[in-house]
Amino acid sequence: MFTTVAPTKPSLPRDLLGAIAELKREMNAVILAHYYQDPDIQDAADYLGDSLGLSQQAAQTDADVIVFAGVHFMAETAKILNPDKLVLLPDLNAGCSLADSCPPDQFAQFKAKYPNHLVISYINCTAEIKAMSDIICTSANAVKIVNQIPADQPIIFAPDRNLGKYVMEQTGREMVLWQGSCMVHETFSEKKMVQLKMQYPEAEVIAHPECEEAVLRHAEYIGSTTALLKYCQKSDRTSFIVVTEPGIIHQMQKAAPDKHFIPAPPLNNCACNECPHMRLNTLEKLYLAMKHKTPEITLPESTRIAALQPIEKMLAMSV
C-alpha cells in the first residue's frame with residue numbers, strides 16, 4: 001500500500017515585510033510593482049507604477065537585483081534593459097492574456113503582408129514581438145508616439161485592438177491592427193455600466209483605453225493607469241466608477257481617502273475583472289524569490305538586443 005506525503009510548506013518569517021526589507025538591503029535589490037498587484041505587494045514596493053513608469057525605473061536603477069512584482073513581459077522588459085542584473089519574477093506563471101494573443105510565428109506572417117509598414121507594439125507583448133517591432137509604446141504614451149510618426153508612413157499597431165482603435169480616434173491616423181485583446185479589460189459590461197451610472201448618478205466614469213469601444217463611450221475620462229490615479233486626485237468630483245483592473249483602487253483610496261471609488265462590474269457575477277495572472281504573485285512568493293534568487297528571467301542575447309532598440313526609441317520619444 002502506497003501512502004502519499006503532502007509537500008511541506010516552506011517556513012516563512014512572521015514579519016514578511018521586515019524580512020523582505022532585510023533581504024533587499026543584503027542583495028542591493030529594488031522591488032518594482034504594478035498597480036494591479038495585491039495591496040500588500042504594492043505596500044512592499046520601492047516603486048509602484050504602470051508599464052511606462054516601470055520601464056523608466058528599470059532603465060534607471062542602480063540596484064544589483066530587480067524583483068518585478070508584475071507579469072512576465074514586464075520582467076522581460078527589465079531584463080532587456082539590464083542584461084547584467086539579476087531579474088526575478090515571484091511566479092513564472094504570471095503571464096498576460098494580451099501577450100498570449102499575439103504568437104510570434106503568426107505575427108511574423110502578418111507583418112510580412114505589410115512590408116512598408118512601421119511596427120508600433122504595445123509593451124504588453126513578449127520579447128519576441130518587441131524584437132520584431134520598430135517602436136514600443138504604452139497606454140500612457142501611445143498617442144504621443146503615433147503623433148511623432150510622419151503622416152505618410154503606414155503603421156501596424158499590435159497587439160491590442162482596443163488601444164489601437166482609441167489611438168486611431170485620438171490621432172486621426174489609419175493603422176493596421178493586430179486583433180489581440182486583454183481578457184480583463186474585455187470583461188466589462190456596457191449594460192451593467194449604464195445600470196451603475198443610474199445607481200450612482202454623481203459618479204464620474206474613468207476608464208483605461210484597453211477597454212472595448214462600447215464601454216469607453218460612457219467614460220468622461222480615458223487614460224493610462226497612472227493617468228487615472230492622477231485624475232481622480234485632481235478632479236472636483238468625489239465619486240468615481242473605475243473601469244480597469246481594481247488593484248489600482250488601493251492607491252486611489254490612499255491618495256484620496258475622502259473620495260468614493262466603485263469598481264466597474266464584469267459581464268458575469270465573478271471576480272474576472274481582477275487579472276488572474278497579476279494575482280498569482282503573493283507576498284510569500286516575493287519573499288521566497290528573493291531568498292532563493294529564483295525564478296530568474298533569462299533571454300537569448302540576440303532577442304534581447306533586437307528588443308532593446310524599439311524600447312530605447314520609446315523612452316527617447318516619451319521625454
Side-chain angles (χ1 to χ4, degrees), residues 35-36 50-52 96-102 107 110 114 117 119-125 129 136-147 149 154-201 203-232 235 237 240-249 261-268 270 272-275:
Y35 287 124
Y36 298 165
D50 59 12
S51 294
L52 176 60
C96 172
S97 60
L98 178 54
D100 291 344
S101 73
C102 190
F107 185 69
F110 178 79
Y114 305 96
H117 285 56
V119 179
I120 300 178
S121 292
Y122 187 28
I123 199 167
N124 297 34
C125 64
I129 298 299
I136 299 302
C137 72
T138 71
S139 56
N141 62 20
V143 170
K144 181 178 182 178
I145 282 175
V146 170
N147 276 332
I149 307 303
I155 296 171
I156 290 172
F157 189 92
D160 191 286
R161 64 189 175 205
N162 294 320
L163 178 59
K165 287 175 187 174
Y166 173 76
V167 172
M168 286 169 61
E169 196 176 276
Q170 295 297 305
T171 62
R173 292 289 293 270
E174 283 296 320
M175 300 189 296
V176 177
L177 304 181
W178 176 266
Q179 296 298 307
S181 63
C182 166
M183 62 185 286
V184 170
H185 287 97
E186 288 207 330
T187 62
F188 296 110
S189 162
E190 183 187 12
K191 180 181 177 181
K192 289 186 178 180
M193 176 76 61
V194 172
Q195 292 171 341
L196 202 60
K197 282 187 60 121
M198 291 173 66
Q199 186 180 351
Y200 299 98
E204 192 170 14
V205 177
I206 59 175
H208 193 282
E210 283 183 42
C211 295
E212 291 181 311
E213 201 171 359
V215 170
L216 288 180
R217 68 181 173 212
H218 297 282
E220 292 156 90
Y221 180 78
I222 298 169
S224 69
T225 321
T226 296
L228 296 179
L229 176 60
K230 290 179 179 177
Y231 180 80
C232 69
S235 174
R237 302 283 273 276
F240 302 88
I241 296 170
V242 182
V243 197
T244 189
E245 213 278 358
I248 185 61
I249 292 177
F261 301 99
I262 307 143
L267 290 163
N268 302 311
C270 62
C272 41
N273 57 346
E274 291 185 359
C275 176

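- Between Met168 and Leu177, some side-chain heavy-atom pair lies under the 4.5 Å cut-off.
- With Arg173 contributing its side chain and Ile155 its backbone, the two residues share no donor-acceptor pair below 3.5 Å.
- Side-chain contact between Glu212 and Glu190: absent, with no pair of heavy atoms (C-beta onward) separated by less than 4.5 Å.
- Proximity of a side-chain donor or acceptor of Glu245 to a complementary backbone N or O of Gly247 within less than 3.5 Å is detected.
- The shortest side-chain heavy-atom distance between Pro263 and Ile249 falls under the 4.5 Å cut-off.
- Residues Asp50 and Tyr35 come closest through the heavy atom pair N-CE1, 3.6 Å.
- Here the options are Phe157, Phe107, Tyr122, the test is ring-ring contact (aromatic ring centres under 6.0 Å, His included), and the partner is Trp178; only Phe107 passes.
- Shortest non-hydrogen contact noted between Cys137 and Ile145 is CB-CD1, 3.9 Å.
- Side-chain contact between Thr244 and Leu228 is present, with at least one heavy-atom pair separated by less than 4.5 Å.
- Inter-residue side-chain proximity for Ile248 and His208 is flagged as unmet; no heavy-atom pair is nearer than 4.5 Å.
- Within the 3.5 Å criterion, the main-chain N or O of Val205 finds a donor-acceptor partner in the side chain of Glu220.
- Closest non-hydrogen pair, Cys182 versus Asp160, comes out as N-OD2, 3.9 Å.
- Nearest heavy-atom pair across Ser181 and Ser101 is N-OG, 3.5 Å.
- Remark: Gln179 CD is packed, more than 12 non-hydrogen atoms of other residues, nucleotides or ligands lying under 6.0 Å away.
- No side-chain heavy atom of Pro154 sits under 4.5 Å from any side-chain heavy atom of Val176.
- Considering OH of Tyr200 and CD1 of Ile262, their distance stands at 5.0 Å, rounded to 0.5 Å.
- By the 4.5 Å heavy-atom criterion applied to side chains, Tyr114 and Val119 are not counted as neighbours.
- Heavy atoms only, all atoms of each residue included: Pro209 and Leu216 are closest at O-CD1, 4.0 Å.
- The residue from Lys192, Met198, Gln199 that alone fulfils the side chain to side chain contact (heavy atoms under 4.5 Å, CB included) condition with Leu196 is Gln199.
- The two residues Gly180 and Leu98 make their nearest non-hydrogen contact at C-CD1, 3.9 Å.
- Classified by interplanar angle (parallel below 30°, tilted 30° to 60°, perpendicular above 60°), the ring pair Phe240/Phe261 is parallel.
- Judged by distance alone, the side chain of Ser235 and the main-chain N or O of Cys232 form no donor-acceptor pair under 3.5 Å.
- We find the CD1-SG distance between Ile222 and Cys211 to be 8.5 Å, quoted to the nearest 0.5 Å.
- Side chain of Asn147 to backbone of Lys144: no donor-acceptor contact under 3.5 angstrom is found.
- With rounding to the nearest 0.5 Å, the separation of OG in Ser97 from CG in Asn124 is 9.0 Å.
- Between Ile120 and Val167 the shortest side-chain heavy-atom distance does not fall below 4.5 Å.
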